[in-house]
Peer 1: 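The following block contains the structure, expressed as structure tokens.
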Amino acid sequence: MKKLLTIAGSDCSGGAGIQADLKTFAAHGTFGMSVIVSVVAENTCKVLGVQDISPDMIKQQIDAVFQDIGTDAVKVGMLSKSDCMLAVAEKLREYRPNNVVIDPVMLAKNGCPLMQPDSMDTLIREILPLADLLTPNIPEAETITGLAIHSPEDMERAAKKIYAMGARGVLVKGGHADGDALDILFDGERFYRFSETRIQTKNTHGTGCTYSSAIACNLALGCSMEEAVRKAKAYVTTAIRHSLAIGKGCGPTHHFYDLYQNGLQKREGN
């Protein structure tokens, strides 16, 4: 069984963060582990509070995983401030895991900030170069690059600029744009486009976490980067199409819909 690690924040409402990552890992037939960087008191409507874990404890959690079990892929999500980022960067450089997918989470679905603005330089300098794949949405890509993104061509320009900053692959996600949900992958040589018809639902809490985790799973299972993104795009689209009207705000996606309908599919690497 492939072993997946998520390094991220905990969402007590279960739709995003560590909880979404672990559900996605399980839905792909992999063994999930977690390093909690921040505890977030949030629900489908708002973020009530954030308490960060100390950098030393973050590093000890990472040590605990790598000194015993190891990983086949790592997903990195919410990193709220610079000292958290530095702790994670130190340990990723020490253990040098394969298939590192980094989702540069900046805002919760309801718009509440999850990363301190003064941490952006640390994210770009310390975290971004560790990514085999960085998965910003359009607002995150704009913040990282300073570019305004209004078209697929703008998405490509942003992806190339982020690649030049050190990420080995960049997936700019178009969920915040109008029209079909178009994502663009740049691997340093060519662009790949992945498009699905936009699903009209407010229940999209945790889609970014889920998408990046699914990509990490597919990489661990032996897929190429292009195939990993294609399969993850199909997975998250199904999860959104069958999203759950839970809570009073933006409900979660259905991480296990396909599994409940069809059982665990035979996957390369299993």
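No experiment lies behind these values; they were computed from the predicted model shown. The basis for the numbers below is simple: all heavy atoms, side chains too, and nothing from hydrogens, waters or symmetry mates.
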Peer 1: Answer yes when D21 and K75 have at least one side-chain N-carboxylate O distance shorter than 4.0 Å, and no when they do not.
Peer 2: yes
Peer 1: Salt bridge check, E156 against K161: does any charged N sit closer than 4.0 Å to a carboxylate O?
Peer 2: no
Peer 1: Please examine the side chains of V50 and V39, heavy atoms only from C-beta on, and report whether any two atoms are closer than 4.5 Å.
Peer 2: no
Peer 1: I need the single residue from R230, K233, K173 that forms a side-chain hydrogen bond (donor to acceptor under 3.5 Å, both in side chains) with D183. Which is it?
Peer 2: K233
Peer 1: Carefully, step by step, assess R168 and D132 under the rule salt bridge (charged side-chain N to carboxylate O under 4.0 Å, His left out).
Peer 2: CA-CA 5 Å; R168 287 174 288 282; D132 291 306; 2.9 Å; yes
Peer 1: Does any N or O in the side chain of T145 come within less than 3.5 Å of the main-chain N or O of L147, such that one atom is a donor and the other an acceptor?
Peer 2: yes
Peer 1: Hey, does I124 have a side-chain heavy atom less than 4.5 Å from the side chain of M120?
Peer 2: yes
Peer 1: Between V101 and L219, is there a side-chain heavy-atom distance shorter than 4.5 Å?
Peer 2: yes
Peer 1: Find out whether L171 and L134 are in side-chain contact, i.e. whether some heavy atom of one side chain is under 4.5 Å from a heavy atom of the other.
Peer 2: no
Peer 1: Please confirm whether the backbone N or O of I36 pairs with a side-chain atom of Q61, one donor and one acceptor, at under 3.5 Å?
Peer 2: yes
Peer 1: Heavy-atom distance under 4.5 Å between the side chains of I102 and L128, does that happen here?
Peer 2: no
Peer 1: Can you tell me if Q51 has over 12 outside heavy atoms packed within less than 6.0 Å of its CD?
Peer 2: no
Peer 1: Please assess S80 against M115 for the test side chain to side chain contact (heavy atoms under 4.5 Å, CB included), listing each intermediate value before the final yes or no.
Peer 2: CA-CA 4 Å; S80 64; M115 190 183 83; 5.7 Å; no
Peer 1: Between H255 and Y235, is the ring centre distance below 6.0 Å?
Peer 2: no
Peer 1: Sequence neighbours left out, what passes ring-ring contact (aromatic ring centres under 6.0 Å, His included) with Y95? Give chain and number order.
Peer 2: F66
Peer 1: Any side-chain heavy atom of I184 sitting closer than 4.5 Å to one from Y192?
Peer 2: no
Peer 1: Donor-acceptor pairs under 3.5 angstrom involving side-chain atoms of residues 81-91: please list them, not counting sequence neighbours.
Peer 2:
{"residue": "S82", "atom": "OG", "partner": "T122", "partner atom": "OG1", "Å": "2.9"}
{"residue": "E90", "atom": "OE1", "partner": "K59", "partner atom": "NZ", "Å": "3.3"}
{"residue": "K91", "atom": "NZ", "partner": "D63", "partner atom": "OD1", "Å": "2.9"}
{"residue": "K91", "atom": "NZ", "partner": "D63", "partner atom": "OD2", "Å": "3.3"}
{"residue": "K91", "atom": "NZ", "partner": "E94", "partner atom": "OE1", "Å": "2.9"}

Peer 1: When you measure from the side chain of N218 to the backbone N and O of C223, does any donor-acceptor pair fall under 3.5 Å?
Peer 2: no
